Amino acid sequence: MNFKGKGCLIPLIIVIAVVLILIALFAGNYNKFVAADEAVNREWSKIDVQLQRRYDLIPNLVRTVEGYAAHEKEVIQAIADARAALGGARTPDELAQADQQLSGALGRLLVVVENYPTLKADAQFTQLMDELAGTENRIAVARNDYNTAVASYNNMRRRFPGNLLAGMMGFETREYFETTPESRTNPEVDFGTGNNTSFNVPNREAPWAGAGTFGT
C-alpha cells in the first residue's frame, strides 16, 4: 500500500472540499445580495411613482391659483422653481433636498390661500389639494417600506461574510430616504368643504418630506 500517495491525496481532498464550501457560500450570499438590492429598487420605484404623481399635479395647482391670485407671483414662482429643481435631482439625498424646497413653497401657498376665500372654495383647487394630501400619505408609507428594505440590505452588507462579498462584487451602501424632524407633524387645513386636509407642513419653514426621480 502506498501510504505516501495517500498522504498527498488527503490534503488535496481537504483543499477541494474547502473550495466547494467557499463556492457554495459565495453563491448563496451573492443571490441574497441580488434579492436584497432588487427589493430596495422595487420599494424606491413605489416612492418614485407617487412623487411623479405629485409632480404632475403641480402645474394644474399653479394654474388654479393664478386664476384667483395672479399677483402672488413670488409664491407661484417659488413653486415653479422648486418643481424644476426636483425634476433635475437624481440621488435620494438630492431628491430629498429638492423636494423640501417644493414642500416649503407649497407650505407658503397654504398661508397665502387663507387670504382668498373664493380660491379656498374653488372645487378644482380643493380636489387638487386633497389629491396632494393623499399622495403625501402614500409617499410616507412607501418611504417607510423603502427604508426597511435599505436597512436589511445595509445590514447584510456589514455582516461577515457579506462585507467581503460586497467589496468584491461592488454592492455599495444604499442611501436612506431621510426626513427632517419638522416634517413629521401633520396639521390640518380646512378649505371650507367640511373635510380637513392633512399636510406635513407645520410652519412656513418646515417642509414636507419626499423625493423622487422625474422627467421634465
Side-chain angles (χ1 to χ4, degrees), residues 36-63 65 72-113 128-129 131-155 157-158 170-189 197-216:
D37 190 54
E38 285 302 312
V40 173
N41 293 336
R42 183 171 60 252
E43 296 303 333
W44 178 255
S45 70
K46 294 178 183 178
I47 296 176
D48 200 46
V49 166
Q50 296 304 324
L51 287 163
Q52 180 68 56
R53 183 172 181 272
R54 188 174 69 169
Y55 182 84
D56 292 339
L57 287 170
I58 297 301
N60 290 334
L61 178 65
V62 169
R63 283 193 291 270
V65 172
E72 299 285 355
K73 297 185 183 299
E74 182 178 350
V75 173
I76 293 172
Q77 188 60 48
I79 294 174
D81 291 344
R83 180 179 182 270
L86 190 60
R90 289 297 176 264
T91 68
D93 183 60
E94 290 175 352
L95 292 165
Q97 292 184 37
D99 190 70
Q100 287 174 8
Q101 180 183 345
L102 175 59
S103 298
L106 291 170
R108 290 193 294 275
L109 173 64
L110 294 182
V111 176
V112 169
V113 166
L128 287 169
M129 297 306 284
E131 289 184 29
L132 282 170
T135 301
E136 189 70 20
N137 290 333
R138 287 189 287 273
I139 290 170
V141 173
R143 180 176 60 240
N144 183 67
D145 292 342
Y146 168 79
N147 283 338
T148 298
V150 169
S152 178
Y153 169 87
N154 285 343
N155 285 338
R157 189 181 180 280
R158 293 178 62 185
F171 288 102
E172 301 294 336
T173 301
R174 301 298 295 267
E175 294 182 44
Y176 286 96
F177 185 45
E178 302 287 2
T179 63
T180 60
E182 294 84 358
S183 68
R184 295 169 188 160
T185 56
N186 299 301
E188 294 182 340
V189 179
T197 302
S198 177
F199 296 96
N200 292 331
V201 189
N203 53 53
R204 296 190 185 190
E205 289 73 34
W208 298 345
T213 49
F214 304 110
T216 54

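Just so it is clear, the model here is predicted, and its values are computed rather than measured. Numbers for residues simply follow the sequence, beginning at 1. All heavy atoms count here, side chains included; hydrogens, waters and symmetry mates do not.
- At least one side-chain heavy atom of D37 sits under 4.5 Å from a side-chain heavy atom of R174.
- Looking at R143, its side chain never comes within 3.5 Å of a backbone N or O of F177 through a donor-acceptor pair.
- The main-chain N or O of W44 is never found under 3.5 Å from a side-chain atom of D48 such that the two would form a donor-acceptor pair.
- Counting only distance, with no hydrogens or angles, the side chain of E43 and the backbone of A39 share no donor-acceptor pair below 3.5 Å.
- No side-chain heavy atom of Y153 sits less than 4.5 Å from a side-chain heavy atom of T148.
- Going from atom CD1 of I76 over to atom CG of L109 covers 8.0 Å, rounded to the nearest 0.5 Å.
- For the atom pair CG of L57 and CE of M129, the computed distance is 10.5 Å after rounding to the nearest 0.5 Å.
- Under the side-chain contact (heavy atoms from CB on, under 4.5 Å) test applied with R54, the options E136, R138, E131, R83 reduce to a single match, E136.
- Looking at V150 and E175, their side chains never come closer than 4.5 Å, going by heavy atoms from C-beta outward.
- For the atom pair K46 NZ and N41 CG, the distance stands at 12.5 Å (nearest 0.5 Å).
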Would L106 and L61 count as a side chain to side chain contact (heavy atoms under 4.5 Å, CB included) if you check the C-alpha gap in whole Å, the side-chain angles of each, and the deciding distance to 0.1 Å?
CA-CA 10 Å; L106 291 170; L61 178 65; 3.8 Å; yes
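- Heavy atoms only, all atoms of each residue included: S45 and R42 are closest at OG-O, 2.5 Å.
- How far CG of L102 is from CD of Q97: 14.0 Å, rounded to the nearest 0.5 Å.
- Here the side chains of D145 and I47 are not in contact, with every heavy-atom distance at 4.5 Å or above.
- For the atom pair T135 OG1 and L128 CG, the distance stands at 10.5 Å (nearest 0.5 Å).
- Side-chain polar atoms of N60 and R63 form a donor-acceptor pair below 3.5 angstrom.
- The side-chain heavy atoms of I58 and L86, taken from C-beta on, include no pair separated by under 4.5 Å.
- For P92 against Y146, the heavy-atom pair with the smallest separation is CG-OH, 4.0 Å.
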